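Keep in mind the model is a prediction, meaning the values are calculated, not measured. The first residue in the sequence is number 1, and the count goes up from there.
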Amino acid sequence: MSAAESFDVAVAGGGIVGCACALACAQRGFKVALVERDVLGSGATAAGMGHVVVMDDSEAQFALTRYSQELWRGLNLSAAAEYVQTGTLWIAADSEEMEGAEHKQVWYAERGVPCRLLTAREMTAAEPNLASGMAGGLLVPEDAVVYPPVAALELARRAEQLGARLIVGRTVKAIGDGRMALDDGTELRADRLIYALGADAAVLMPELPVRKRKGHLVITDRYPGFIQHQLVELGYLKSAHGSASDSVAFNVQPRPTGQLLIGSSRQYGAEEAGVDRQILSAMLARAALYMPALQNLNIIRVWTGFRAATPDKLPLIGPADGDDTLWLATGHEGLGITTSLGTAGLLACAFTGDRPAIAPEPYLPARFALAATSVSTTREEL
Ligand SMILES: Cc1cc2nc3c(=O)[nH]c(=O)nc-3n(C[C@H](O)[C@H](O)[C@H](O)COP(=O)(O)OP(=O)(O)OC[C@H]3O[C@@H](n4cnc5c(N)ncnc54)[C@H](O)[C@@H]3O)c2cc1C
């Protein structure tokens with residue numbers, strides 16, 4: 001590579017977000033470079049559960065997840081990416097949560113998302129291994145699961161086929177003003193730089209309101225047919241959207257191999273990658289509460305990963321403050337597999353000037369720059 005090769009778009013970070021951005025830009029005819037320090041899809045992307053899910057925490061979150069889900073459906077990934085429309089079954093443990101399920105059903109139906117309330121009996125018929133005594137549930141059939149690292153690699157390979165340059169094993173040391181400096185002393189120049197370093201976003205840009213939120217996942221041996229849907233307790237929303245430092249929730253996924261992925265945990269302030277036995281025990285105890293038979297299954301591996309969390313639970317997608325060449329694509333927290341494609345779609349439209357499928361404003365990084373000048377507490381909340 002020459003000392004300063006030029007591109008239309010240079011992407012820093014080859015997680016699912018960076019790979020999706022590289023593909024979306026290559027598809028629009030841009031000359032693209034994608035730089036990853038390790039293996040493509042090896043960061044949070046490899047640690048993630050791969051639940052492609054519509055969420056309703058806010059209108060903005062709904063718009064991005066729904067738009068992204070439609071893009072996932074149209075991708076036609078290879079079988080190796082294990083994209084399967086399992087649907088999500090949201091589980092209501094009691095009558096109060098059932099009211100929440102009913103509210104969710106109305107909200108989704110008003111926005112065109114197919115979904116159906118299940119009585120306790122219907123839910124047991126659908127998932128016999130669930131604990132007895134649950135109040136019922138909400139089935140969202142268009143939700144899906146995918147194997148994230150393979151999907152990321154496939155997006156990058158598609159970009160490569162369209163002419164993108166994949167630069168793997170190189171660390172970005174500095175970025176901005178149309179330049180990206182790599183650890184081997186080379187420099188890339190690009191009209192647009194995309195900053196997609198996931199939970200490491202604050203390393204090169206400490207001013208970004210992104211902090212790490214650790215998660216644990218467990219995978220079992222193969223038990224084909226043990227469950228059919230992605231199963232999530234409705235209380236998950238409290239865990240995901242609350243700001244408690246440690247939380248766990250019942251969240252189990254069937255893999256096409258017959259294995260089960262068991263989650264999930266969320267921790268702020270835990271920056272070591274090692275397994276935290278206490279939180280792992282709490283997570284498994286929660287899982288056993290909803291599905292006692294899980295205790296009889298063999299666990300073959302446990303791992304951790306770091307979500308990139310922002311204070312308002314929405315990602316940073318758009319131009320960085322004070323540098324019109326630098327565009328952010330980070331802060332996707334626990335939804336970055338789902339929302340990677342929507343993120344890429346928004347940025348690619350911003351570059352071409354095409355009208356985006358959804359309004360980009362809620363995700364613009366400028367919302368924090370503005371907040372920082374008007375609300376002095378924002379930084380303290382981080
Ligand atoms: C336990 C867990 C479960 C999850 N479950 C789900 C789920 O079910 N559904 C969902 O939608 N999301 C889920 N997520 C969230 C999802 O995994 C992330 O939001 C998503 O992977 C973020 O992708 P990314 O590309 O932004 O980050 P990453 O995948 O972390 O990619 C960033 C990349 O940048 C590279 N990098 C960093 N610094 C440099 C540098 N200086 N130079 C070059 N490269 C660099 C890293 O090596 C990494 O490959 C989960 C996350 C966790 C931790």
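From L182, atom CG reaches atom NZ of K173 across 10.5 Å, with rounding to the nearest 0.5 Å. Atoms CZ and NE2, from R266 and H216 in turn, are 13.5 Å apart once rounded to the nearest 0.5 Å. A distance of 4.5 Å separates OG1 in T339 from NE2 in H332, rounded to the nearest 0.5 Å. A distance of 6.5 Å separates CG of L260 from CZ of F226, quoted to the nearest 0.5 Å. Taking CG of L314 as the start and CG of L364 as the end, the distance is 11.0 Å to the nearest 0.5 Å. In this structure, CG on L89 lies 12.0 Å from SG on C115, to the nearest 0.5 angstrom.
Cluster partners of V84 are V145, counting Ile, Leu, Val, Met, Phe, Trp and Tyr whose side-chain heavy atoms approach within less than 4.5 Å, directly or via other members.
Relative to the six-membered ring of F250, R286 misses at least one condition, a distance below 6.0 Å or an angle of at most 45° to the axis. Under a cutoff of 6.0 Å and an axis angle of 45°, R189 and F7 do not form a cation-pi pair.
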Tell me which donor-acceptor pairs under 3.5 Å the side chains of residues 344-354 have, and how far apart each pair is, sequence neighbours excluded?
unit_1 : atom_1 : unit_2 : atom_2 : d
T352   : OG1    : A348   : O      : 3.2
T352   : OG1    : C349   : O      : 3.3
T352   : OG1    : D354   : N      : 3.2
T352   : OG1    : D354   : OD2    : 3.1

Can you give the donor-acceptor pairs under 3.5 Å from side chains of residues 294-306 to other protein atoms, not counting sequence neighbours?
unit_1 : atom_1 : unit_2 : atom_2 : d
Q295   : NE2    : P292   : O      : 3.0
W303   : NE1    : A47    : O      : 3.0
T304   : OG1    : A273   : O      : 2.5

Show which side-chain atoms of residues 277-285 pair as donor or acceptor with protein atoms under 3.5 Å away, not counting sequence neighbours.
unit_1 : atom_1 : unit_2 : atom_2 : d
S281   : OG     : R277   : O      : 2.9

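Using a 4.5 Å cut-off between side-chain heavy atoms of Ile, Leu, Val, Met, Phe, Trp and Tyr, with links allowed through other members, L326 and L208 fall into the same hydrophobic cluster. Connection of L77 to L40 is established within a shared hydrophobic cluster, with ILVMFWY side chains joined at heavy-atom distances below 4.5 Å, either directly or through further cluster members.
A side-chain N or O of E154 and one of S78 form a donor-acceptor pair less than 3.5 Å apart. A donor and an acceptor atom, one from each side chain of E233 and Y290, are located under 3.5 Å apart. A side-chain donor from one of Q69 and R66 sits under 3.5 Å from a side-chain acceptor of the other.
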Criterion salt bridge (charged side-chain N to carboxylate O under 4.0 Å, His left out) on R157 and E160, from CA distance to verdict: CA-CA 5 Å; R157 292 280 174 240; E160 189 178 37; 3.1 Å; yes
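Using a 4.0 Å cut-off between charged side-chain N and carboxylate O, E272 and K214 make no salt bridge. Looking at R170 and D183, a side-chain N of the basic residue comes within less than 4.0 Å of a carboxylate O on the acidic one, giving a salt bridge.
For the pair R111/V54, no side-chain contact is recorded, criterion being any heavy-atom separation below 4.5 Å from C-beta on. Between L34 and I167, every side-chain heavy-atom pair lies at or beyond the 4.5 Å cut-off. Side-chain contact between L197 and L204 is present, with heavy atoms from C-beta onward closer than 4.5 Å. A heavy-atom distance below 4.5 Å is not found between the side chains of W327 and V9. Between E5 and E187 there is no side-chain heavy-atom pair separated by less than 4.5 Å. Put simply, the side chain of I91 reaches to within 4.5 Å of the side chain of L231, judged on heavy atoms.
Applying the ring-ring contact (aromatic ring centres under 6.0 Å, His included) test to pairs two or more places apart or on separate chains, none has a residue in residues 111-170. Applying the side-chain hydrogen bond (donor to acceptor under 3.5 Å, both in side chains) test to every pair with at least one member in residues 25-45, sequence neighbours left out, gives these pairs: R37-D200.
Scored by the side-chain hydrogen bond (donor to acceptor under 3.5 Å, both in side chains) test, T88 finds H51, D143 as partners (sequence neighbours excluded). Remark: E271 engages no residue in a salt bridge (charged side-chain N to carboxylate O under 4.0 Å, His left out) (not counting sequence neighbours). Taking the side-chain hydrogen bond (donor to acceptor under 3.5 Å, both in side chains) definition, one finds that Q253 meets it with Q230, R255, sequence neighbours left out. Residues passing the ring-ring contact (aromatic ring centres under 6.0 Å, His included) test with F62, sequence neighbours excluded: W107. Applying the side-chain hydrogen bond (donor to acceptor under 3.5 Å, both in side chains) rule to E102 yields no partners; only residues at least two apart in sequence or on another chain are considered. Residues satisfying the side-chain hydrogen bond (donor to acceptor under 3.5 Å, both in side chains) test with Q105, not counting sequence neighbours, are none.
T325 contributes a side-chain N or O that, together with a main-chain N or O of G178, makes up a donor-acceptor pair within less than 3.5 Å. Of the possible polar contacts, one joining the W72 side chain to the T338 backbone as a donor-acceptor pair under 3.5 Å is found. Side chain of D177 to backbone of R179: no donor-acceptor contact under 3.5 angstrom is found. The closest donor-acceptor contact from the side chain of S265 to the backbone of G215 lies at 3.5 Å or more, if one exists at all. Under the 3.5 Å distance criterion, the side-chain polar atoms of E122 are matched with a main-chain donor or acceptor of T119. A distance-only check finds no donor-acceptor pair linking the side chain of Q228 to the backbone of E127 [under 3.5 Å].
Heavy atoms of other residues, nucleotides or ligands lying less than 6.0 angstrom from CG of D8 number more than 12.
Among the candidates L316, I358, D312, the single residue satisfying the side-chain contact (heavy atoms from CB on, under 4.5 Å) test with Y363 is I358. Shown are I317, T330, L328; of these, the side-chain contact (heavy atoms from CB on, under 4.5 Å) with T343 is made only by I317.
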